[in-house]
Trainee: 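Would you mind keeping the following structure in view while I ask a few things?
Residue numbers start at 1 and run along the sequence shown.
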Amino acid sequence: MTDTLHTRPPTAAHHARSFTRDPGRWEKERSRALRTGHVRDHTCTAACELMLVHERTGWGWIAWTVPGDGFPPETPHQIGVLTPAATRTQRLALRWLTRRPARRIALGAVPGSLRLSAAAVALLSLIAGLFAIGKGVPVGVALPAMLLAPLLAEHLPGRLDARACEHVRIVEGDDSVRYMQRLAALHTSLVQAAAGSDACELRRSAEIGQQLMWDAADLLQTQAPRSASADLIARERLMLQLADQVAQLLKRITAQDGTTGADQTREPERPLGTYPPGVRPPAHSAYRHTPGPSPLKGTLLMPQPEPTPAVRTTGVYLLFAHEPYYPGPGTQEINTTVVAADTLLHRQVLQPDGARIHDLLTQGRQPGEIIPLATLTHELNGGADWPTVGDWERVTIDLLQLVRAGDCDALSLGLPEIARALVCTGPDSQVRAFDAAAGEFIVYRAAERAAVLAEVDVFLNCLVAEQDLWPGDGLLAPLVRRV
């Protein structure tokens, strides 16, 4: 799944940009990259060996490239995750893997290159060998040592790299790295909270977060994000649930400390880790492992009165499927889009059809609810009443043109075939798929449809945590219903 935003997310979130907690280090590394010329710009090709700047963390590292435009990168080039419960030796392996790359010397007409360190060792071994021979050391002893030293300097680091990689899972590729970047932001908040408190619950949450990071990285080393989307979404949901629980626990600890401080003098405690801006999930039962369909975004974990049908609800989203397209070369297919309901009021959308659909979409809903277009069809007598509302096909075409032109924000999704079919049917409909291996049909019902919407909602929560989807400029006023 991918997303498009009109505005950039805030840089205060963990790992939203490189070295957010140490900007001076980034400027130093950028200056060094500019001197050596290993920057990422329009002249780079697939064969370019870009310079990577490694940002070490408590759970692994994030490797960034250095763009030539002077702005810090927003998406890492590589993320490495250290094995859970790492020993001191394994942590040393992490530092070894994140060392600066070796400088190499071209051999002229001879193909290949030689490490600068190996060349230096060869020169030193030659001098030492000649000195040893002059002191009476047999040539049969000195000569093999002279040859072996540079060979070890050239090939031993590669062997050590392979050995160190046994304790690390390395993820590359834009889609995989973006997923791990979101997971890393959540896990960093768990680690910081555990470091600033003695509560065993916080330490345990950080341990579970490290295991989730390791499992996700291990999965992405062997599978593409799209083929492993169900497992990846499940892990991100668990991480979100952990982050939510830790945030609630920190509030309780802070409240208890305030009560104690009012009664007696206490020594100041270490500051607690902050919850990462931009990824705070609302109280949302999609993060809980409960049977049956999960309620959608924005619902509280307590009974609520049904909204009055005559009241328009704000913060509602429209989900619609469309003909697949590819936003760029090498990108995955986009076949479903989520936009804010107010985007239907855009002047470039067919009117008054868009305003009528907006009126139908926002009546009697819960704040933050995702409404598939197929649900509106179900409510309109199975689609028989669409002519009295508007031309939904033309409206969705106009919405997609707005999204692709960047004139509004959207969550752009590449849903699998079954998931897309489920959101294209009504809430009481079924999707039947033939399983060739088992020789039988599988029936997907309302529960599976609700699960798909809940997964979409997880992505939407992360996207709109700091700022809601931008519906566009110059919107028309919504319809006014006569009472």
Side-chain angles (χ1 to χ4, degrees), residues 1-9 42 46 74-75 173-179 181-182 220 223-230 232-233 317-351 353-354 357-358 361 370-377 383 386 390-425 431 433 449 452-453 455-464 468-473:
M1 297 185 180
T2 60
D3 54 75
T4 55
L5 270 178
H6 175 256
T7 54
R8 290 184 176 182
H42 66 281
E74 296 182 356
T75 303
D174 287 345
D175 291 339
S176 300
V177 165
R178 288 193 190 100
Y179 169 82
Q181 188 179 16
R182 294 197 304 269
L220 289 170
Q223 299 185 45
R226 185 169 183 176
S227 61
S229 60
L232 295 175
I233 289 173
Y317 303 93
L318 174 66
L319 180 149
F320 61 95
H322 47 75
E323 288 296 322
Y325 72 91
Y326 295 86
T331 58
Q332 70 179 59
E333 171 187 292
I334 300 300
N335 54 35
T336 310
T337 298
V338 179
V339 297
D342 287 352
T343 309
L344 290 160
L345 302 175
H346 201 285
R347 297 180 183 275
Q348 295 183 32
V349 174
L350 178 66
Q351 301 296 347
D353 302 49
I357 297 175
H358 174 270
L361 185 70
I370 301 176
I371 308 298
L373 184 68
T375 298
L376 300 183
T377 301
W386 265 121
D391 186 349
W392 64 267
E393 292 181 292
R394 171 69 184 279
V395 167
T396 54
I397 290 174
D398 292 344
L399 289 174
L400 189 59
Q401 289 178 346
L402 285 175
V403 172
R404 301 196 65 177
D407 292 328
C408 69
D409 282 350
L411 173 63
S412 302
L413 308 170
L415 293 182
E417 183 178 358
I418 297 298
R420 186 170 183 268
L422 284 167
V423 299
C424 288
T425 60
V431 173
R449 183 179 188 266
V452 172
L453 291 176
E455 292 175 359
V456 172
D457 191 46
V458 170
F459 283 89
L460 186 63
N461 273 324
C462 295
L463 191 61
V464 303
D468 203 356
L469 296 183
W470 173 58
D473 294 326

Trainee: Do Leu319 and Leu373 have side-chain heavy atoms sitting under 4.5 Å apart?
Mentor: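 No - every pair of side-chain heavy atoms lies 4.5 Å or more apart.
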Trainee: Quick one: list whatever passes side-chain contact (heavy atoms from CB on, under 4.5 Å) with Ala228, sequence neighbours left out.
Mentor: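 With sequence neighbours excluded, Ala228 shows a side-chain contact (heavy atoms from CB on, under 4.5 Å) to Leu219, Gln223, Leu232, given in chain and number order.
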Trainee: At their closest point, which heavy atom of Val339 faces which heavy atom of Asp409, and how far apart are they?
Mentor: CG1-O, 4.1 Å
Trainee: Applying side chain to side chain contact (heavy atoms under 4.5 Å, CB included), run through Phe320 and Thr336 and close with a yes or a no.
Mentor: CA-CA 6 Å; Phe320 61 95; Thr336 310; over 6 Å; no
Trainee: Sub-3.5 Å donor-acceptor pair from the side chain of Asp353 to the main-chain atoms of Asp391, do we have one?
Mentor: yes
Trainee: Only counting residues at least two apart or in another chain, list the ones meeting side-chain contact (heavy atoms from CB on, under 4.5 Å) with Ala374.
Mentor: Arg449
Trainee: Please confirm whether the backbone N or O of Leu453 pairs with a side-chain atom of Asp457, one donor and one acceptor, at under 3.5 Å?
Mentor: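 A pair under 3.5 Å: no.
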Trainee: When rounded to the nearest 0.5 angstrom, what is the spacing between CG in Leu463 and CZ in Arg182?
Mentor: 9.5 Å
Trainee: Of all heavy-atom pairs between Ala410 and Thr337, which one has the smallest distance, and what is that distance?
Mentor: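 Here Ala410 and Thr337 meet closest at CB-CG2, 3.8 Å.
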Trainee: Residues in ring-ring contact (aromatic ring centres under 6.0 Å, His included) with Tyr326, at least two apart?
Mentor: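 By the ring-ring contact (aromatic ring centres under 6.0 Å, His included) rule, Tyr326 matches no residue at all.
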Trainee: Return the CG to CD distance between Leu413 and Glu455, rounded to the nearest 0.5 Å.
Mentor: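 If we round to the nearest 0.5 Å, Leu413:CG and Glu455:CD are 11.0 Å apart.
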Trainee: Over all heavy atoms of both residues, which pair between Gln332 and Pro327 is shortest? Give the atoms and the distance, please.
Mentor: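 Minimum heavy-atom contact is O-CD, 3.6 Å.
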Trainee: Could you tell me which residues satisfy side-chain contact (heavy atoms from CB on, under 4.5 Å) with Ser176, sequence neighbours excluded, listed by chain and number?
Mentor: Val171, Leu220, Pro225
Trainee: With a 4.5 Å limit on heavy-atom distance, are the side chains of Leu411 and Val464 in contact?
Mentor: no
Trainee: Check side-chain contact (heavy atoms from CB on, under 4.5 Å) between Asp174 and all other residues, then give those that pass, not counting sequence neighbours.
Mentor: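 Once residues adjacent in sequence are excluded, the partners of Asp174 under the side-chain contact (heavy atoms from CB on, under 4.5 Å) criterion are Arg178.
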Trainee: Whether the side chain of Asn335 engages the backbone of Leu415 through a donor-acceptor N/O pair (distance < 3.5 Å, no angle test) should be reported.
Mentor: yes
Trainee: Would you say that Trp386 contacts Leu376 through its side chain, given a criterion of any heavy-atom pair below 4.5 Å between the two side chains?
Mentor: yes
Trainee: Which heavy-atom pair separates Pro471 from His346 by the least distance, and what is that distance?
Mentor: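 In terms of heavy atoms, the two residues are closest at O-CD2, 3.8 Å.
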Trainee: Is any side-chain heavy atom of Leu318 closer than 4.5 Å to a side-chain heavy atom of Val338?
Mentor: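 No, every pair of side-chain atoms sits at 4.5 Å or beyond.
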Trainee: When the side chains of residues 394-406 are checked against the rest of the protein, which donor-acceptor pairs come out under 3.5 Å, sequence neighbours left out?
Mentor:
{"residue": "Arg394", "atom": "NE", "partner": "Asp398", "partner atom": "OD1", "Å": "3.4"}
{"residue": "Arg394", "atom": "NE", "partner": "Asp398", "partner atom": "OD2", "Å": "3.4"}
{"residue": "Thr396", "atom": "OG1", "partner": "Trp392", "partner atom": "O", "Å": "3.1"}
{"residue": "Thr396", "atom": "OG1", "partner": "Glu393", "partner atom": "O", "Å": "2.9"}
{"residue": "Asp398", "atom": "OD2", "partner": "Leu350", "partner atom": "N", "Å": "2.9"}

